[in-house]
Amino acid sequence: GTALLERHSKGIRLTPAGTALLDRARGLIEQARQIESEIRGFASGMSGQVRLFANISAIVQFLPAALARFAEAHPEVQIHLEEQVSSRVVQAVLDHVADLGIVSDWVRHPDLEQLPFRSDELVLLVPPGHPLANRQCLPFADALDFSMIGLHASGTLQACQLRAAAEAGRELPLRIRVTSFDAACLMVAAGLGIGVVPKMATTPYVASLGLISLELTDLWARRQLYLCRRIDEPLSPAAQRLYAHLLRESHR
């Protein structure tokens, strides 16, 4: 008895109820696929599968070494790792699409547990010869006079920059937006703008491209990453092993 679609002369569109059903249905279909894949894995000798969603900062900086150590200790466990912005990671965990998530946002939700994972430092990248190149550190507001390279429009890093610009009474002077840190480094090296990126994620590019990394003095430039899971139901044995491993990794 609930309308899911509205018909118009130019076609149809979803009602709010239809949108809600679509989002839930997608999650259920994905869960069904994951269940089938996991059960097939048992037949081939795998003892479990873990669905880990994380933001790009965690994937680039911290997870390669951490997951390699886990895989060496637990070769029978298959890890499905997917990159998403923090808000989508949280939703995937709450919707049972992901077992575990790593995010850079603290989210207050009664069904979500968040524990500190690793810390993340943001820096400003500029090319040699740039007017800011002789600075060792600076507030983000000083960068707003120059064209900038942006990242995910819905990501936490971009939201921090937009908020900081608004607090300074300025607009964010975006010239181009890319979807990865290496692409941002290449754009900075090409002279198309300057960009805010995680320090550890871009150190190799800074060295190879001759870029200059400047410390940001803003409080938001020091971020805490969180490991999150649902608290309304227990993790599978495989997910519990990975969860415990990542908590140990947080102390490295």
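For the pair Arg51 (side chain) and His96 (backbone), a donor-acceptor distance under 3.5 Å is present. In this structure, Glu83 contributes its side chain and Ile56 its backbone to no donor-acceptor pair below 3.5 Å. No donor-acceptor pair closer than 3.5 Å links the side chain of Arg230 to the backbone N or O of Leu235. Remark: the backbone N or O of Thr156 is not paired with any side-chain donor or acceptor of Ser86 at under 3.5 angstrom.
Here Val89 is tied into one hydrophobic group with Phe53, Val90, Val93, Leu94, Val97, Val103, Trp106, Val107, Leu112, Tyr226, each link being a pair of ILVMFWY side chains closer than 4.5 Å.
Both Leu247 and Val77 are part of a single hydrophobic cluster, where members link through side-chain heavy atoms under 4.5 Å apart. In this structure, Leu22 is a member of the same hydrophobic cluster as Ile12, with clusters built from ILVMFWY side-chain heavy atoms closer than 4.5 Å.
For Ala143 against Leu124, the heavy-atom pair with the smallest separation is CB-CD2, 3.9 Å. Residues Val126 and Leu132 come closest through the heavy atom pair CG1-CB, 4.5 Å. Here the closest non-hydrogen pair linking Ala189 and Leu211 is CA-CD2, 3.7 Å. Across all their heavy atoms, Ala3 and Ala17 have their closest contact at O-CB, 3.9 Å. Of all heavy-atom pairs spanning Pro139 and Leu216, the tightest one is C-CD2, 4.4 Å.
Atom CG of Leu52 and atom CG of Asp99 lie 8.5 Å apart (nearest 0.5 Å). To the nearest 0.5 Å, atom CE of residue Met148 and atom CD1 of residue Ile176 are 13.5 Å apart. Rounding to the nearest 0.5 Å gives a distance of 7.5 Å between OG1 of Thr217 and CZ of Arg222. Atom CG of residue Asp95 and atom CG of residue Asp23 lie 8.0 Å apart, to the nearest 0.5 angstrom. The CG atom of Leu115 sits 13.0 Å away from the CG atom of Leu225 when rounded to the nearest 0.5 Å. Annotation: the span from Cys228 atom SG to Leu100 atom CG amounts to 8.0 Å, rounded to 0.5 Å.
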For side chain to side chain contact (heavy atoms under 4.5 Å, CB included), just list the numbers for Phe181 and Leu151, CA-CA rounded to whole Å, side-chain angles, deciding distance to a tenth of an Å, and then say yes or no.
CA-CA 8 Å; Phe181 296 139; Leu151 288 162; 3.4 Å; yes
After noting the C-alpha distance and the side-chain angles of Leu122 and Trp220, does the key distance pass the side chain to side chain contact (heavy atoms under 4.5 Å, CB included) rule?
CA-CA 8 Å; Leu122 300 174; Trp220 56 264; 3.8 Å; yes
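When the shell of 6.0 Å around CD of Glu233 is examined, it contains more than 12 heavy atoms from other residues, nucleotides or ligands.
In this structure the side chain of Ile59 never reaches within 4.5 angstrom of the side chain of Ile102, judged on heavy atoms. Between Ser213 and Thr202 there is no side-chain heavy-atom pair separated by less than 4.5 Å. Arg229 places a side-chain heavy atom less than 4.5 Å from the side chain of Gln240. Pro198 is not listed as a side-chain neighbour of Val60, based on a closest heavy-atom distance of 4.5 Å or more. For the pair Tyr243 and Val50, the minimum side-chain heavy-atom distance is 4.5 Å or more. Counting only heavy atoms from C-beta outward, the side chains of Leu144 and Leu172 approach each other to under 4.5 Å. Contact check for Ser250 versus Phe62: no side-chain heavy atoms found under the 4.5 Å cut-off. A heavy-atom distance below 4.5 Å is found between the side chains of Arg177 and Gln158.
Sequence neighbours left out, the pairs with a member in residues 120-146 that pass side-chain hydrogen bond (donor to acceptor under 3.5 Å, both in side chains) are Gln61-Asp120, Asp120-Arg223, Arg135-Asp142, Asp145-Arg170.
A donor-acceptor contact under 3.5 angstrom links the side chains of Asp182 and Ser180, judged on distance only. Between the side chains of His8 and Arg13, at least one donor N or O lies within less than 3.5 Å of an accepting N or O.
Test Val188, Ile194, Val196, Val197 against Ile149 for side-chain contact (heavy atoms from CB on, under 4.5 Å) and you get one pass: Val188.
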